[in-house]
Each structure stands twice: as structure tokens, then as C-alpha cells.
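Let me begin by presenting the structure, written as C-alpha cells, before commenting on it.
Bear in mind that the values here come from a model prediction, so they are computed numbers and not experimental data. Basis for what follows: all heavy atoms, side chains included, without hydrogens, waters or symmetry-related copies. Order of appearance sets the numbers: ligands from 1, and atoms from 1 within every ligand.
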Amino acid sequence: MAASASGRGQWGSQLGFVLAAAGSAIGLGNIWRFPYVTGQSGGGAFVLVYLCCVVFVALPVMLLEISLGRATQRNPVGALLAVRPGTRWRFLGYLALATGLGILSYYAVIAGKVAAYCASYARALTGGGGADYQGTAGSVVFYFAFFLVLTLAVVAGGVQRGIERWSKILMPLLLVTMLGIIARGLFLPGSLAGVQWFLTPDFSKIDGRVVLAAMAQAFFSLSLGMGAMLTYGSYLSKQQDILRCGAWVVFFDTLVAVLAGLMIFPAVFALGHDPAAGTTLTFQVLPAVFAGMPGGTAIGLLFFFLLGVAALTSTVSLLEVVTAYFVDERSWPRSRAVWAVSAATFVVGIPSAFDLAGHDPFSSLRLLGQQGFLGLMDFVWGNLSLAFGSLMLCLFGIFVWGLPRAAAEIASTSPFFARFSRVWIFFVRWLCPLAIAFILATLFGL
Ligand code: PHE
């Protein structure tokens, strides 16, 4: 990333954007959330619906989000105001900021758990006991804070330098490690039932709840609907190809999700776990796989380390969105913005940390049918708010910015897109908003 004339940073190359945006997209959403939601939603049928949501709904929305960022070169609030000064649409930007903070507050708790696993595998490797992590409330809060500080350090230094360089080496290494773990899982007796369960759709399992979960997972996994892609797109130069960048990000993200499924479900079936176990699924199954594997402790350490890095590139994008607002719109020094936002996130995240440690402070409340405070936060911010934000972004594109203008922004650097811009406009005008609105309506029983 190099400084541009406006004094804002810019990606050093198209690859820089793809790596950073893929880094934002690939994370716990693929390896923790996708398997547990798939497990609760019945397997293959969910996977199929998910893939359709990615291609037909999420990809068109992603192009809109990136193009708005590149066209305005601003943060979410600034971008909406740049298109229409003084507009109430800025509240959509504020919602994006709240969503970023909301997601970060529980995401970093789970990421902290990954760091804790890393530490216990490292200890086991050096001969200090088992590789298990039984988190007390104090230790969960500690690792949560630790992960926030890591995130803060990267964002304070400017996203670009660290991430462009590290992702180039560590992301491919994560893929290779996952392939190794998949190969191992497939040798476990009984694992093929898991492959079959994961890949064969049983259409009778598809209902409104499954479609909602799939669509929300697509937005979550691709970091859509809260301005992360918009903010990263704002660091794209006017020469870079939005369609190609967006398509690569979607490809890598989906690849990692499918590989995560192939890593988890064969082992779930072979080792007799319950696929519908919920948020703890990945953390129950993988340690069991590593325990029965030659060199398992070292592989466990490597895997949890790489997963931690993948989570870090996602938490960085969440924090960056909120930080960019305070830096651009409120002229705060970067370091003050980063510290203030992280401190607020820490406070909001404490109940989630207690929940993860088994002491849910709000266990008597059963809000929106969710289990536990962390599950509730994930539902409100990770499902509802991202879907709603994406819907509103489409409406902003249709009624305020103008989809032909958005299409021209994308087409200006993509002759290929230019030939299909009408198709894209049709999707963003009709299919995406109607599909999202329908799903939100089903959810509220309308
Ligand atoms: N996409 C990230 C993941 O899958 C999570 C995320 C959501 C990041 C929304 C930014 C914005 O892990």
C-alpha cells in the first residue's frame, strides 16, 4: 500500500487488495461458524443453498459494496455522505460501525480461545502437560484482551504493511495444513459417512430457517453488509478490476469453507460426535483428531496458529472500519481511535467471554430463541444486522446512487463486466433485495 495524492493509503497492487479482502473474508467464519451452522442445518442441502446464496446474492452485493468504496474513497459513513451530502442514509453507515464493533466483541472472544489452544499445544509440545484447554472465566477474558491488543497493534500501524506481506505466506500454508488434516481424517474408519452427509443434499431438509442461515452465513463469511469491503475497496486505485478482485475473494473464501467441512465432518462421524453440537463443534472435534494422530501436538499447534492468523486478518478488518470513520470524519489521530474503539469493544465483549467460559451472565434470558449471550450476539449482529445492512445497501444503490452509475464504476476497469452489466443490475435491483427482504420477513414471522 502506498500513499496516494489524497493522503489516504492505497494498495500496492491488485494482489494487495485481494489478499487483504480475502484475509478479512477467511477466518473463524469459515472454520468455526460454517461447520457448526452446517451441522445444525442438516448437511448437504444446506451446503447447496449456501453456494447458491454466495453466487446469486452475495457476489452481486459484494461488487456493489466494493464499487461504492472505490468510487468515493471513503469509510462507510463518508461514502454515503459523499454520494448525497447531509442525507439520513448516514445512519446506515452508523449501523455498519455498530455492527463492526458488535461482531468484533464476540469474534475476538472466540479468536482468543484459538490463541489459548495455541498456547496449550505449545506447552504440551515442550513437555508441560496435555494439549487441552479448559477455559476459566479469567483466562478467557485474558485471551480475549490479548487478541484485541494484537488486532489493535496491526490496525494502529496501518493495515497495509503487515497484512499484504504476511498473508502471502501464511494463507497458502493454512490451505496446505488443512489438506493434510483432511487426508488424515479420511483414513479414520467410518469417515466416509461424514463426506456423504456433507456433500449429498437431502432436499426435505430445506426450509425457511435453513435458507436464512445459509444467506446470513454467506454475508458473514464474505464480510458483507457492514462496510468492510467498502472500506477496503476505498483503498483500491481507479485502475484495478473490481469484478476480478471480488471473484477471487469469493473463490478463496468458498474454497476454505468447503475444505473446513471436509476437515470436520468425516472426523465427526468417525469419532462419534454430534454434528448438531453447535458453537463448540470445531473445538471438540479437531483436538480429538490431533490427539489420535502421529505428530498431532505439533500439527495442532501449527493449525491453531494459522487459524489465529486467519482470525487476526478478520478482526483487523472489523476494527479498521470503525477506526477509519473516526480518522476520516472526526479527524481523530489514528492511535486514539484505535484505543478508544478497542476499549469499548472489550467492555461489550465481557459477557460473551463469561458465556464461553460457561458462566452466561444472562442465562435466564432466552432472547430471540438464542442460547447464551454469545449466540445472541452472533444472531443479532452476525445474522440480522449483516442481512439488513446488505438490503439497505441495495436500496441505496437503487434509489440514491443509481445502479447504472455503480455499473459504470465497475465496467470502467472491466470490459468483461461491461458486457453483463445489465444482468448485474437486474440482480441488485430485484433478486438480491427481494431475497433478503423475504428472508428477514420469514424470520419475524410476517
Ligand atoms: N468474514 C469473517 C470470517 O469469516 C468475519 C467478518 C464478518 C469480518 C464481517 C468482517 C466483517 O471470519
Side-chain angles (χ1 to χ4, degrees), residues 18-38 50 53-54 58-59 61-62 65-66 69 75-76 93 95-114 147-148 151 154-155 159 163 167 171 174 178 213-233 246 249-261 279 282 306-325 341 345 374 377-390 393:
V18 173
L19 285 174
S24 167
I26 297 170
L28 297 171
N30 308 62
I31 293 168
W32 159 71
R33 204 175 189 275
F34 178 76
Y36 102 69
V37 178
T38 305
Y50 174 75
C53 289
V54 165
L59 178 61
V61 171
M62 174 176 263
E65 212 185 299
I66 302 177
N75 64 84
L95 176 70
L97 305 182
T99 308
L101 201 149
I103 295 180
L104 182 59
S105 78
Y106 67 86
Y107 195 98
V109 171
I110 316 259
K113 182 162 173 166
V114 172
F147 211 89
L148 273 183
T151 307
V154 176
V155 176
V159 173
I163 291 200
S167 332
M171 289 287 142
L174 175 65
M178 287 176 75
M215 197 179 300
Q217 175 61 24
F219 291 133
F220 186 91
S221 193
L222 291 167
S223 309
L224 292 178
M226 52 71 65
M229 290 298 154
L230 187 155
T231 305
Y232 278 11
V249 173
V250 169
F251 172 76
F252 282 129
D253 187 70
T254 308
L255 178 70
V256 175
V258 171
L259 290 181
T279 53
T282 298
L306 294 169
L307 180 56
V309 174
L312 184 63
T313 52
S314 301
T315 52
V316 159
S317 72
L318 289 160
L319 184 58
E320 172 65 18
V321 172
V322 191
T323 303
Y325 164 77
V341 177
T345 307
L374 200 153
M377 290 295 274
D378 189 29
F379 184 71
V380 170
W381 301 111
N383 274 4
L384 288 187
S385 187
L386 294 182
F388 181 74
S390 303
L393 182 71

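Where the criterion is an N or O separation shorter than 3.5 Å, residue side chain and backbone included, S317 fails it with respect to ligand 1. For ligand 1, the polar-atom distance check against G29 finds a nitrogen or oxygen pair separated by under 3.5 Å. Remark: ligand 1 and F220 share an N or O pair separated by less than 3.5 Å (distance only, no angle test).
In the vicinity of S221, heavy-atom distances shorter than 4.0 Å reach the ligand 1 atoms 1 (N), 4 (O). Counting the atoms of ligand 1 from 1 in the order shown, those under 4.0 Å from a heavy atom of S314 are 2 (C), 12 (O). Here is the list of ligand 1 atoms found below 4.0 Å of a heavy atom in L28: 12 (O).
Looking only at protein heavy atoms, the nearest one to atom 9 (C) of ligand 1 is S223 CA, 3.5 Å. Atom 2 (C) of ligand 1 has S24 O, 3.2 Å as its closest protein atom, hydrogens excluded (heavy atom only). From the protein, the heavy atom lying nearest to atom 12 (O) of ligand 1 is Y107 OH, 2.4 Å.
For the ligand labelled ligand 1, residue F219 lies outside the 4.0 Å heavy-atom shell.
Side-chain N or O atoms of S223 include one that pairs as donor or acceptor with a backbone N or O of S24 at under 3.5 Å.
Only backbone heavy atoms of A25 (N, CA, C or O) come within less than 4.0 Å of ligand 1; its side chain stays farther off. In R33, neither the side chain nor the backbone holds a heavy atom less than 4.0 Å from any atom of ligand 1.
P76 and T231 make their closest contact through CD-OG1, 3.5 Å (heavy atoms, listed as atom of the first residue, atom of the second, distance).
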side-chain contact (heavy atoms from CB on, under 4.5 Å), that's the test. Do F147 and V114 meet it? Break it down for me. CA-CA 10 Å; F147 211 89; V114 172; 5.9 Å; no
